[in-house]
Amino acid sequence: MTPTTRILTAAALSLGAATLRIGAAQAAQNTIKIGATLPLTGAEARIGGFYKEGYEYAFEQQNKEGGVKVGDKTMKVELQLLDDTSTQSTAQSLADRLINSDKVNFLLGTYATNLVEAQSAIVEQNQMLYVNGGGAASAIYKRGYKWVFGLLAPVELLADSMMKWIDEQQKAGKLPKPAKIALLWENTSHGKDFRKGVSEFAKKSGGGYEVVVDESFELNGKDFSALLGKVKAANVDLFLSDSHLPDYITMQRQYVTSGMCHKILSYGARGSEKQAAEALGRKNVEYILSAVWWSPLLGQKNEIAKEFVAGFKAKHGREPEWYQAMGFETARALFTAIEQAGTLDKAKVREKLVVMKLPSLLPGGELTFPAEFGQQSHAPFVVQQNQPDGSAPIIAPADAATGKGVAPNPNCGK
Amino acid sequence: MKLLPHWVSRPALAALVAALAIGAVLPKVLGWSVYSQNQVTETLLFVAAALAWNWMGGYLGQVSFGHSAMFGLGGFISARLLLALHLPFWIAWIVGGLVAAGYALVWGHPTLRLRGPYFSIATIGVGEATRLVMTYWEDLTGGSSGLSLPITPGLKSELYWWALALMGAVIAGSYALRKSTLGLGLLAIKSDVDAAADVGISPTLMQDIVLLLSGFTVGVCGAFYASYQNFIEPGDMFGFDRSISFVLMAVIGGVGTIIGPAFGAVVFVMLRQYLIGSYPQLYLGIYGVLLIVVILFEPLGMMGLFFRIARRFGLLRPEVEATLEAKAAVGGAAADPGAREGGAP
Amino acid sequence: MQRFTELVVAAVLLAGLYATMAYGLGLIYGVLRVVNLNHGGIIMAGAYVGWLLHEKFGIDPYLSIPAVVAVSFVLGIAIYRGLVRHLPRGPAGAVQSLLLLFGVWLVLRNAAYLLFTGNDQTIRTEYSTRSVAAFGLALSVNRVAVFGIAVLTLVVLHLFLTRTFTGKAIRAVAQNADSCTLVGVDVERIYSLTFGIGTALAGLAGLLGASLFSFNPSYGSGDLLKSFVIVVLGGLGSVMGTAAAALILALVEVFAILALPSYLTGAVGFVLLVLVLVLRPGGLFGHRVLG
């Protein structure tokens, strides 16, 4: 036998032997093991860290009250959190590991639509319950998956909420009719959904809006000057973009440098972040419109939100943003469902989520997972606008509003 | 018995069959958990991919940094087929592989005229351009949202045996490629393309054949991966990191041998799995260090290291090692047009 | 017409940065016949060093140029002496050195991840969003400054290579290293020096890029490919050639927005690279000399 073949067989055998050690033993069940991955490093690390804060706060609070009541036992909840490095294949591998090797009872979701989309395929394959507050694209919920529940309302609704407010301004005569729109969207599910929301609203408006520039850009782009040049040449009234934070900062910086100014300026879910104001300078983010899933200002009218904001602030010394709130609420929804089911049986807990009507810190005050939307929550968005004094009040919907918005942008025409 | 070509060594064939048979019963015998079996499936898949990459990178001596193009194309074509029609998945895989092979020929045929580093640079360009175009091509890839395949319960565990078969086929193919007349021709091209042409070997034809084979196999691997993960997206399938992984597996394992890339793949997947829980960002850095060490000290890769140890203990005949050295040099003596040793024009 | 001027000016300003970036790569290849696949890594390192100096000590990025260039230069010499030197020269070593430097790039990337996390960083100064008026357009102060520095660098480089003894020695080694040994040039020292200069240029380009764009540990891979395109197009060594090629690439990229969706303009560089490599394979290399 030649050395090659000898080594061949040896390799095959050692392969088998080496893999023996993979696969953990199963510990006794005293705590509820809940697994999750989050992008703690990589492109989404900043927000991943925020979601982690939300999750950890929820687990802490629940354990302070003794844990979760499962039938007549009260069990503590334990979070097993792994870093999926913002990459799809890692998110999938880790989900497989949490489910099949670490044998967790339930899974909480990761953050970022593409990661949730990838991970959800694994959980559905394994029939593992997956509650997430990090994936907003409606495509995730249109696949007929039974085990995936989402707290983030779809981005089309985000666009729709913003357009509704803009429409009110147009009806009040503050914006031209028809209004020309430049629509720039990142080439991801998030961006595509935003584009869909705006385009459909424009179509239904019967001539009120015209999308004149409709361009996609690559995530984490560096140089938007050519794209912005195109927008400048088109002379539009409304500049509507949808992007992640780094692209928002880069694009806005180049926008300001080129001297542009539009009657309405928005970056979708981005706008009021403190980091942006620091990176760009407060003057350069004035009057930017944004729509988000949640704002700490909701605490003024919503009791659960108020309690959450106060408790979080006491722990971290700063106010939470929507990331921490979503993380917190996602975990809380799962805990509630377990209590309601009185068992750790996945199918029974799932049934409770299907019919859940939970009083919530979300806008609208209630959390549900409507079946007609594939078990994705459709809670309304809050629309905010950055004011010169550095605040970003909620300007819509009316029952949550804490301030009035301004249109058209007073800085233009100077 | 004249069933087999003269270059097939009986013992080698027997060993391969034995290894596959052992592999087929391992899950039951060792009582693997679902997770372990999945990990091994993934490992076997990447062994196949690394070996197929090595046909170009090691045997032909043309290091490609763009193989993710075929991996991704095979994956998406197969996925689209499975979404549109109800085919047995392996048919979709083969179609995916064929399309990937065709694509490989399209960009590879003209670029293989380039030697050594120029070819490698061109492949970086091909890989990245493919990724950008594919991410934009929504009808095929679903754009950045990716594609979700329908979930077939029980398929994933079944895939273990398919991966075993795939790997077995690729090992057999590697062996055939190495030992056959075609393989000798490749060796000649790698050493000195002009001299090879002088003795009647047609470099372009042989290169094209290897291109097709490598492209087809890597395409099938991509299709397998799609069925395995149930969700694929262009950023991951066509990514530069994906291309890099093939290079790393083969070069660190040892490009000159059949086992080298296989071993490199095993180590790569295992290392990644091990680090993923605790230091997820570290594995690329570790691989970078390994690559540097291999290039500087042991061009035969980790297999070369083993052979050295084996020889120390008298398990290896010296002439075997010498043949390996000849076959192994990464990049061969790829001619640099316009420059001979020393840099004269 | 206004639009046209805008695009051309944008391309010209960008070309300055591109030329500086590409020249380092071309220099190393021209003299050592080594493809510096770590080029992107050094660009990224230059960006981070500049950012670090700005964050920790408040040093304006343009003032930290000497420091960044010095650090990159030393790093380049270290990489050469420690690693590249041990590989065989000539065609056999070409792919090996390529892979070796690729390994170095992976290590640098990982180090950056560990030190600075993968978050995007920016260098924000109080003039980051200011613009100057010229040609009837508003030009970003940063872009103009980067262009100016790039042009200055290339002029200095040209003078160095044509007027100084060391510069001429470098060009001579690129032509024929053996003959140089015969006439008493310490070829090894020239190799070291050249690698250092090439690396320093990459570091500088990284710093300049950081003042314009945001960056993270993966920064530099796109620039690596653009540099290849420019080197292949413009031939080795000639500063004019590099500048011209940089301008061509910048113009193609900028004007592509008129024909292609903005998303695909990134692919333009790559396609150009493959086309050029295939249509003029090896013909541009080795037949030009520095000067």
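Numbered from 1 within each chain, the chains take letters A, B, ... in sequence-line order.
For chain C, no part of A/Asp214 is nearby; none of its heavy atoms comes within less than 4.5 Å. For chain A, the nearby part of C/Ile123 is the backbone; its heavy atoms alone come within less than 4.5 Å. In this structure, chain C has no heavy atom under 4.5 Å from any part of A/Leu40. Using a 4.5 Å cut-off between heavy atoms, C/Phe255 does not touch chain A at all. Looking at C/Leu212, the atoms closer than 4.5 Å to chain A (heavy atoms on both sides) all sit in the backbone: N, CA, C or O.
More than 12 non-hydrogen atoms from other residues, nucleotides or ligands lie less than 6.0 angstrom from NZ of A/Lys232.
For the residue pair A/Ser225 and C/Arg143, the shortest heavy atom distance occurs at OG-NH2, 3.7 Å. Here the closest non-hydrogen pair linking A/Arg253 and C/Thr122 is NH2-CB, 3.8 Å.
Checked against salt bridge (Lys or Arg N to Asp or Glu O under 4.0 Å), A/Lys180 has no partners two or more places apart in sequence or in another chain. With sequence neighbours excluded, the residues forming a side-chain hydrogen bond (donor to acceptor under 3.5 Å, both in side chains) with A/Glu44 are A/His244, listed by chain and number.
For the set A/Val256, A/Leu280, A/Ile249, the entry with the most heavy-atom pairs within less than 4.5 Å of chain C is A/Leu280.
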